[in-house]
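Down below is the structure, laid out as structure tokens.
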Amino acid sequence: MNPQEPPAIQMVPIRQSHPELLKTSIDAIQTKLLILKRGIEELLFSLDANDKVSWPAFMAKCSSLAADLSSIQTALRKSMVTNGNEDNGEFLKSQLLLPYTISPEVNPKLLELTEQRVPCWNHETAPAFLRTKLDPRVEDDYLQLEAEANQYQNAVKKRFDQVSLMNKHLESVVQAVNEQMTRLNRNADGTKMTYNNQQTETLIRTVYTGEGLNSGGRKR
Amino acid sequence: MASTDVPGESSSGSKPPPARNFQVLEAVLHASIYDDHKDQLIERLKGMTDPFSSSFEEHEMVFALTFPESNEGPDVQLRLRRRFNLDLWHVRYVGTPIADKCPAVCRASIDSVMYTKDMMDFVKHMGFRLIYEFVMKGWVFTRGPIKILVYKLCTTDKPGIYSKELIKPFGTSHIVEASIPVENEDTMKYSKLLKDFTDQLMPLVEFRKVEYFRPRTGQFAKSS
């Protein structure tokens, strides 16, 4: 009646499309995360060890950690496949993650793997780890920001419409003023026109088609 | 400096047509200028064109072969020009303009000069009938291959009689015509050359492509 200990890692017999690819990408993530973890540990040790820690050194370490985090983020976003095309994380996104066993018992293998941090994979830890939703506070902030952005967008659109309407009005005003100016100028100068296009047309038609001439049709 | 023409002396009419080769295609642009301003234009042209220019006064008669039964489009027109009291005839065939997107009117044009006393009989027996006639009085200028004519159209009250008293001007403007022969049927290139030259005469005159072969549309941009 000894229930079989749930293994720490369950090999699920699901056919994967690229098992080796998956393994390499997960290994890559893991190494990066380990480096990050080391960094954080060092930071905390340094704080514990001395009362006063050199501020610039501390800041430097923090910034390097931040850089590591952002590099992990970009890597995840692009593709963890080291030499593959950038598929924007499609490969990883397409992988399924299923919790196979959830049990309330303490799992020593899990303990070992996670360095004594996660004792059991039960109905509390599993959802916490597999959570995809943002922290509620973070989520609220996010929603607020989005609402603000939409508001701004509306305001921007309104301003844009106002400005373009203004432009149209100005255009018509300018055109009217221009017309009036030219009209006045022309009257003042006393029609400086040296030609008349209608006359051109009439005359050319007369020359080439005989329009308007009163002779015609007589034999010599 | 322009040389005025000596009446009575002429070898090929007042237009210098090339006696040897036929100009088959030409590109033409038209403009007009009020009579009072024509002197300005003449001065301008004298500055811009070759030194040789001459004035002319010629009587032009336009004959056409009509085919009443067939629908062969516009009639074949023949234009005969002569100075009064001379037996020298400048015969010109002007074809229908090609309707295309050129900035100038492009049409076929063949010139020929002959001396004969029986011209009227000849054309009558060929089947041509006179459809209209007029007198043109003006100047011709050249600039390389470009030919510019500035002339006034006149008619007579009594048909057939062209004495000095009866010649009346038609309209209040002079016609300005600029043409250039087109080689290799490259109408675009030569039309553009012509347009570039004629644009230099703005704003005194505005050269346009007058599509006289189309029916009148009725409206026009500028009004006096």
Side-chain angles (χ1 to χ4, degrees), chain A residues 85 152-220, chain B residues 28 30-34 36-38 40-41 60-64 74 77 79 94 97 105 107 119-121 123-124 128-134 136 151-153 155-157 159-160 170-177 203-208 210-213 216-217 219-224:
Chain A
N85 315 323
Y152 281 143
Q153 210 177 37
N154 286 347
V156 159
K157 196 164 168 324
K158 250 192 275 175
R159 295 271 176 276
F160 186 75
D161 289 337
Q162 279 175 341
V163 166
S164 47
L165 193 61
M166 175 77 144
N167 279 348
K168 271 190 227 157
H169 285 158
L170 278 175
E171 277 256 15
S172 55
V173 167
V174 162
Q175 228 176 21
V177 167
N178 241 358
E179 270 177 46
Q180 217 170 40
M181 288 284 286
T182 47
R183 222 181 306 145
L184 281 175
N185 278 348
R186 242 188 298 160
N187 288 346
D189 294 350
T191 56
K192 265 195 176 166
M193 298 298 292
T194 48
Y195 59 90
N196 179 353
N197 280 329
Q198 268 170 344
Q199 286 235 355
T200 312
E201 171 123 344
T202 321
L203 285 169
I204 302 299
R205 276 178 188 275
T206 310
V207 169
Y208 288 104
T209 58
E211 272 180 38
L213 287 174
N214 53 6
S215 73
R218 47 173 203 133
K219 299 180 207 176
R220 258 272 202 108
Chain B
V28 180
H30 298 278
S32 72
I33 184 166
Y34 285 128
D36 358 348
H37 298 285
K38 76 158 189 324
Q40 275 180 298
L41 181 66
E60 175 156 330
M61 293 186 269
V62 182
F63 293 82
Q77 276 191 359
R79 309 175 86 87
V94 176
V105 174
R107 60 195 183 189
M119 187 49 112
M120 300 277 87
D121 277 342
V123 292
K124 185 164 141 212
F128 285 95
R129 299 285 171 261
L130 179 75
I131 44 180
Y132 58 93
E133 58 184 346
F134 50 84
M136 0 162 58
Y151 58 89
K152 180 105 193 103
L153 208 58
T155 51
T156 172
D157 288 338
F170 185 86
T172 54
S173 300
H174 275 53
I175 300 180
V176 190
E177 200 173 297
L204 203 54
V205 279
E206 187 192 343
F207 277 85
R208 335 171 104 252
V210 178
E211 292 178 339
Y212 56 83
F213 46 95
R216 259 189 197 273
T217 47
Q219 81 280 36
F220 224 96
K222 290 200 185 349
S223 56
S224 61

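Chain identifiers are assigned alphabetically (A, B, ...) following the order of the sequence lines, protein sequences preceding nucleic acid strands; residue numbering begins at 1 within each chain. All heavy atoms count here, side chains included; hydrogens, waters and symmetry mates do not.
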So, the part of B/Ile33 with a heavy atom under 4.5 Å from chain A: the answer is both
Shortest non-hydrogen pair, B/Ala64 vs B/Ile131, comes out as CB-CD1, 3.7 Å
Answer key: most heavy-atom pairs under 4.5 Å with chain A among B/Val205, B/Val210, B/Leu204 is B/Leu204
Per-residue tally against chain A (heavy atom, under 4.5 Å) across B/Thr172, B/Val123, B/Val62 peaks at B/Thr172
Bottom line for B/Phe170: the part with an atom under 4.5 Å from chain A's heavy atoms is both
task: Examine the side chains of B/Glu177 and B/Tyr151 and answer whether a donor and an acceptor come within less than 3.5 Å of each other.
output: yes
Identify each donor-acceptor pair in which a side-chain atom of residues 158-174 of chain A lies under 3.5 Å from a protein atom, sequence neighbours left out, and give them as a table.
{"residue": "A/Ser164", "atom": "OG", "partner": "A/Phe160", "partner atom": "O", "Å": "3.1"}
{"residue": "A/Ser164", "atom": "OG", "partner": "A/Asp161", "partner atom": "O", "Å": "2.9"}
{"residue": "A/Ser172", "atom": "OG", "partner": "A/Lys168", "partner atom": "O", "Å": "3.4"}
{"residue": "A/Ser172", "atom": "OG", "partner": "A/His169", "partner atom": "O", "Å": "2.7"}

When the 4.5 angstrom heavy-atom criterion is applied to B/Glu211 and chain A, the contacting part is backbone
**Asked** For B/Ser173, does its backbone N or O pair with a side-chain atom of B/Lys152 as donor and acceptor, under 3.5 Å?
**Response** yes
**Message:** Pair B/Phe63, B/Met120 - check side chain to side chain contact (heavy atoms under 4.5 Å, CB included), show working.
**Reply:** CA-CA 10 Å; B/Phe63 293 82; B/Met120 300 277 87; 3.5 Å; yes
